[in-house]
There are 2 protein chains.
Amino acid sequence: MPIRLSLVEDDHLIREAFTDLLNNTEDFLVVSSYSNCEDYLRNLGTDRPDVVLMDLELPRMGGVEGIERTKKLRPQTQLIVVTVYENDELVFKALCAGAGGYLTKNMPPSRLIEAIREIRQGGAPMSTNIARMVVASFQKNHHSPLTARETEVLERIAQGKSYTTIADELFVDKETIRTHIKNIYWKLEVHSKAEAIEKARKERFI
Amino acid sequence: MPIRLSLVEDDHLIREAFTDLLNNTEDFLVVSSYSNCEDYLRNLGTDRPDVVLMDLELPRMGGVEGIERTKKLRPQTQLIVVTVYENDELVFKALCAGAGGYLTKNMPPSRLIEAIREIRQGGAPMSTNIARMVVASFQKNHHSPLTARETEVLERIAQGKSYTTIADELFVDKETIRTHIKNIYWKLEVHSKAEAIEKARKERFI
DNA sequence: TGATAATCCCCTATTTTGGGTGAATGAAAC
DNA sequence: GTTTCATTCACCCAAAATAGGGGATTATCA
């Protein structure tokens, strides 16, 4: 049985180039291609694609929402984003929504074929820069204004723990934790837990 | 100038095989190889490697701590983990500690060379399974016991927001949020924010 | 018809939080 | 050898948040 493919891409030249390329590849079958998410989702049940190549810049419903809906309607569907965008926020939104791979359009056509085989074999095909962004998202900013202890405290705050709990865990007094929090707030220029967590996460201090 | 490489690997057969392979590759220079982290770290300043291939199962100091210390001593050093372990926890610990790539030992030797070039060009070389684990870590569990609304509420709790703030954001009354929280606690069998966040994060409900 | 989801209300008591001010210790840096 | 920094703790206050208990009304969906 061939690997069933659907394309969602609003540039019809690219759409046809991909269709040609993939239909001329052993084991691949392009069952459908669409210029928008709405038409694609309407036919998802009858198309039954194994893998979908999805663009993100689409008219009306965007690709990220398209990914989410695909996963709700048909969870076994695997999606690879194919786009020009390398924007942090968009990449993570797409992955959170359920994309299993992310390619940027400056790749050689052979990479597309490779990626489809890779995702079928349990991988997560990504362009070089995307993989780096993803791995970097696990790592802390080394230029944090917070001390080691303050970081430890804020990490626990971000786990929803109370001052008392944190104090117990770190074998210090509750007042000590309060002092650390005050210093953290001063350094991050915030006045509440939520703001501190948001800022620290954004800048990867925690 | 060649790419300077250090190896940290306690199996001396593998160490020598890698050294041979890499020293016979254009532009590569293995400047040192060690069977443990302690010796490696002591010489990091004089070795000045561009890329380090690091095993994780090491005597005394483990590879994860080795990665952390490397990044503190010499942040520009790039590290690729080369190990047999595909354990979730270890993978994420290594990446959080600062690893820029993660390969499992069932790869062809050519993949090692490719990976070193890849990390130098701004990539994050990973084995198939590792890449999948990393991408999956962004995605939610589709078998959550929580409703869409409850998930929305718990996500905001995990951002450190108060009931009042959440109520405002969702355009409902504070009492509604309280009811959701009670139901969340009942479903997750917990009795506090911290426990709810921990359980929900672990099971990827949020 | 029942189950579930989402909304809201009231009561109580305890804890938590944010802000202010101050201070002792020890280590590292200059 | 003084000074900066990190870490620790103390006490005051008032507002806010939290957890637990009870109950109720819609609307939807199977």
Side-chain angles (χ1 to χ4, degrees), chain A residues 45 68-69 72-73 140-201 203 205-206, chain B residues 45 68-69 72-73 75 140-201 205-206:
Chain A
E68 262 172 21
R69 290 186 185 239
K72 277 188 187 154
L73 288 170
K140 285 184 196 161
N141 184 343
H142 286 133
H143 301 86
S144 171
L146 306 179
T147 67
R149 200 57 158 174
E150 285 162 357
T151 306
E152 225 169 343
V153 170
L154 188 51
E155 269 164 0
R156 285 171 163 83
I157 288 287
Q159 288 162 7
K161 291 171 178 164
S162 71
Y163 297 180
T164 322
T165 307
I166 298 171
D168 289 347
E169 285 180 6
L170 299 182
F171 306 105
V172 296
D173 195 274
K174 190 177 116 181
E175 286 302 318
T176 304
I177 302 301
R178 278 170 48 64
T179 305
H180 286 313
I181 302 273
K182 288 171 197 170
N183 292 331
I184 291 167
Y185 286 8
W186 184 80
K187 286 183 181 177
L188 301 187
E189 302 175 88
V190 298
H191 304 278
S192 71
K193 279 193 298 180
E195 287 175 293
I197 293 169
E198 193 191 353
K199 182 146 191 176
R201 288 231 174 97
E203 313 236 17
F205 297 152
I206 55 169
Chain B
E68 262 172 22
R69 291 186 187 239
K72 277 188 187 154
L73 288 170
K140 285 184 197 161
N141 184 344
H142 286 133
H143 302 87
S144 170
L146 306 180
T147 67
R149 200 57 158 173
E150 285 163 357
T151 305
E152 225 169 344
V153 170
L154 189 51
E155 269 165 0
R156 285 170 162 85
I157 288 287
Q159 288 163 7
K161 291 171 178 166
S162 71
Y163 297 179
T164 324
T165 307
I166 298 171
D168 289 346
E169 285 180 8
L170 299 182
F171 305 105
V172 294
D173 195 273
K174 190 177 119 181
E175 285 303 317
T176 304
I177 302 300
R178 276 171 48 64
T179 305
H180 286 313
I181 301 272
K182 286 174 198 172
N183 292 331
I184 290 167
Y185 285 8
W186 184 81
K187 285 183 180 177
L188 301 187
E189 303 175 89
V190 298
H191 303 277
S192 70
K193 277 192 300 179
E195 287 175 292
I197 293 169
E198 193 191 354
K199 183 147 190 174
R201 287 233 174 95
F205 298 152
I206 54 170

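The structure presented is a predicted model; accordingly, all values stated were derived computationally and were not measured. Each chain gets a letter, A, B and so on, in the order the sequences are listed, and its residues count up from 1.
- The shortest non-hydrogen separation linking A196(A) to L154(A) is CB-CD1, 4.1 Å.
- Note: CD1 (I157(A)) to C1' (dA17(D)) measures 14 Å, nearest angstrom.
- The CD-P distance, from E150(A) to dA6(D), rounds to 7 Å in whole Å.
- Using a 4.0 Å cutoff to heavy atoms of chain A, the contacted part of DNA chain C runs 5' to 3' from dT16(C) to dT21(C).
- In this structure, Y185(B) places its OH atom 8 Å from P of dT18(D), rounding to the nearest Å.
- Taking T165(B) as the reference, S162(B) meet the side-chain hydrogen bond (donor to acceptor under 3.5 Å, both in side chains) condition, with sequence neighbours excluded.
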Could you list, one pair per line, each protein nitrogen or oxygen that sits under 3.5 Å from a nitrogen or oxygen of nucleotides 28-30 of chain D, together with the distance?
none

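- At least one donor-acceptor pair under 3.5 Å links the side chain of Y185(A) to the backbone N or O of K193(A).
- Atom CZ of F205(A) sits about 10.5 Å away from atom NE2 of H143(A), to the nearest 0.5 Å.
- Contacts of S192(A) classified as side-chain hydrogen bond (donor to acceptor under 3.5 Å, both in side chains), with partners at least two apart in sequence or in another chain: E195(A).
- Shown here is E68(A), whose CD atom has more than 12 heavy atoms of other residues, nucleotides or ligands within 6.0 Å.
- Separating the CD1 atom in I177(A) from the CD atom in E150(A) is a distance of 11.0 Å, to the nearest 0.5 Å.
- Of the inter-residue distances, the one linking H180(B) atom NE2 with E152(B) atom CD reads 9.0 Å to the nearest 0.5 angstrom.
- Atom CG in L154(A) sits about 16 Å away from atom P in dA6(D), given to the nearest Å.
- Listed in residue order, the members of residues 163-183 of chain B having a heavy atom less than 4.0 Å from DNA chain D are Y163(B), T164(B), R178(B), K182(B).
- Residues forming a salt bridge (charged side-chain N to carboxylate O under 4.0 Å, His left out) with R178(B) (at least two apart in sequence, or on another chain): E175(B).
- When rounded to the nearest whole Å, the span between CH2 of W186(B) and P of dG22(D) equals 14 Å.
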